[in-house]
Amino acid sequence: SNLLERRPDVISSKNKVISNRLKLKSNRKIFFPRISFNTSAGYSSSNLEDLIKEEFSVWNLGLDILTPIFNGGKIKNNIKISEYKLEASELEYLNTAISAIYEVDNIILEGNILKESYQKLNQSEKDMQKALKYTLNSYDLGLVDLVYVLNIQESLNSTSIQKNRILLSRYLNRIDLILSLGGTFEY
């Protein structure tokens with residue numbers, strides 16, 4: 001599972017979940033008012049409502065303190081949208097991770113099948129080489145004709161070609177496995 005975390009699609013899905021979590025956290029913080037005081041002249045008051053009055057124009061309160069009151073519905077909807085996006089991105093991440101696991105599993109199973117096929121073809125090639133040797137001896141003794149010898153050689157060559165194709169498939173399978181585990185070909 002640690003190797004799968006190197007895959008670009010898994011990394012992308014994971015970063016999307018993190019981004020959506022931070023967006024939800026940000027949207028929830030907007031629901032609470034922010035008070036920031038910027039002034040060029042001094043004024044002190046023990047009542048917050050005195051600070052909000054418009055007659056003190058030197059204060060720069062802005063609408064940050066009143067935003068949750070006037071835009072409460074919009075903020076709640078933004079929070080719900082962020083929650084849905086987070087849930088969707090978490091499901092997408094799980095789907096991507098499970099798909100990656102299945103992909104790696106299928107490649108490993110295919111590799112095992114190719115290995116067994118290669119071993120069987122390798123043994124078959126060895127048996128065909130022995131058969132060709134006996135056939136050539138039989139031909140020298142006049143027991144078989146040339147067509148029979150050529151048929152055995154053709155079977156041997158066909159088996160060798162199949163073995164090499166399986167070997168190529170095994171190499172390609174290993175490359176697919178490296179890539180599916182998030183590996184690269186960089187040194």
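Just so you know, residue 1 is the first one in the sequence shown, and it goes up from there. These numbers come from the heavy atoms of this one structure, side chains and all, not from hydrogens, waters or symmetry mates.
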*Atom of Asn173, atom of Leu114 and distance for their closest heavy-atom approach*: CB-CD1, 4.0 Å
*Please answer: with hydrophobic residues joined when any side-chain heavy atoms are less than 4.5 Å apart, are Ile101 and Val104 in the same cluster?*
yes
_Nearest-0.5 Å distance that lies between atom OG in Ser180 and atom CD1 in Ile175_ = 12.0 Å
*Determine the minimum heavy-atom distance between Tyr118 and Lys163, stating which atoms define it.*
CE1-CG, 3.4 Å
_Residue pair Arg7 / Ile11, side-chain heavy-atom distance below 4.5 Å_ = no
*asked:* So does Ser155 get a backbone contact from the side chain of Ser158, meaning a donor-acceptor N/O pair under 3.5 Å?
replied: no
*Please check if the side chain of Ser82 supplies one atom and the backbone of Asn78 the other of a donor-acceptor pair under 3.5 Å.*
yes
*Applying side-chain hydrogen bond (donor to acceptor under 3.5 Å, both in side chains), name anything that partners Arg174, two or more places apart in sequence or on another chain.*
none
*Could you grab the distance from atom CD1 of Ile166 to atom CD1 of Ile161, nearest 0.5 Å is fine?*
13.0 Å
*Using the side chain to side chain contact (heavy atoms under 4.5 Å, CB included) rule, take Glu110 and Lys115 through it: C-alpha gap first, then chi angles, then the decisive distance, then the call.*
CA-CA 9 Å; Glu110 181 184 353; Lys115 180 181 177 182; over 6 Å; no
*Answer whether the closest heavy-atom distance between the side chains of Arg21 and Glu90 falls below 4.5 Å.*
yes
*Side-chain heavy-atom pair Lys85, Lys23 within 4.5 angstrom cut-off*: no
*Which atom names give the shortest non-hydrogen contact between Ala131 and Ile152, and what distance separates them?*
C-CG2, 4.2 Å
*Val10, Leu86: one ILVMFWY side-chain cluster at the under-4.5 Å cut-off?*
yes
*asked:* Quick test of your reading: applying side chain to side chain donor-acceptor pair (under 3.5 Å), list the pairs with at least one residue in residues 126-151, sequence neighbours left out, ordered by first then second residue.
replied: Gln123-Asp127
*Which heavy atom in Leu132 sits nearest to a heavy atom in Leu156, and how many Å separate them?*
CD2-CD2, 3.8 Å
*Considering residues, nucleotides and ligands other than Glu87, do more than 12 of their heavy atoms fall under 6.0 Å from its CD?*
no
*For the hydrophobic clusters of this structure (ILVMFWY residues joined by side-chain heavy atoms under 4.5 Å, transitively), does one cluster hold both Leu136 and Met128?*
yes
_Tell me whether Val17 shares a hydrophobic cluster with Ile79, the cluster being built from Ile, Leu, Val, Met, Phe, Trp, Tyr side chains joined at under 4.5 Å._
yes
*Taking Ser26 for its side chain and Leu22 for its backbone only, find out whether a donor-acceptor pair lies under 3.5 Å.*
no
*Kindly compute the distance separating CG (Asn95) from OG (Ser89), expressed to the nearest 0.5 Å.*
12.5 Å
*Quick one: pull up CG in Leu91 and OG in Ser13 and give me the separation to the nearest 0.5 Å.*
11.0 Å
*Does a side chain donor of either Glu125 or Ser160 reach within less than 3.5 Å of an acceptor in the other side chain?*
yes
_According to salt bridge (Lys or Arg N to Asp or Glu O under 4.0 Å), who are the partners of Lys16, at least two apart in sequence or on a separate chain?_
Glu92
*asked:* Side chains of Asp9 and Thr96 only: does a donor on one sit below 3.5 Å from an acceptor on the other?
replied: no
*Are Tyr102 and Ile108 co-members of a hydrophobic cluster defined by side-chain heavy atoms under 4.5 Å apart?*
no
*Look up atom CD1 in Ile81 and atom CG in Asn77, then write down how far apart they are to the nearest 0.5 Å.*
6.0 Å
*First locate atom OH of Tyr84, then atom CG of Asn20, and finally report the distance between them rounded to the nearest 0.5 Å.*
14.5 Å
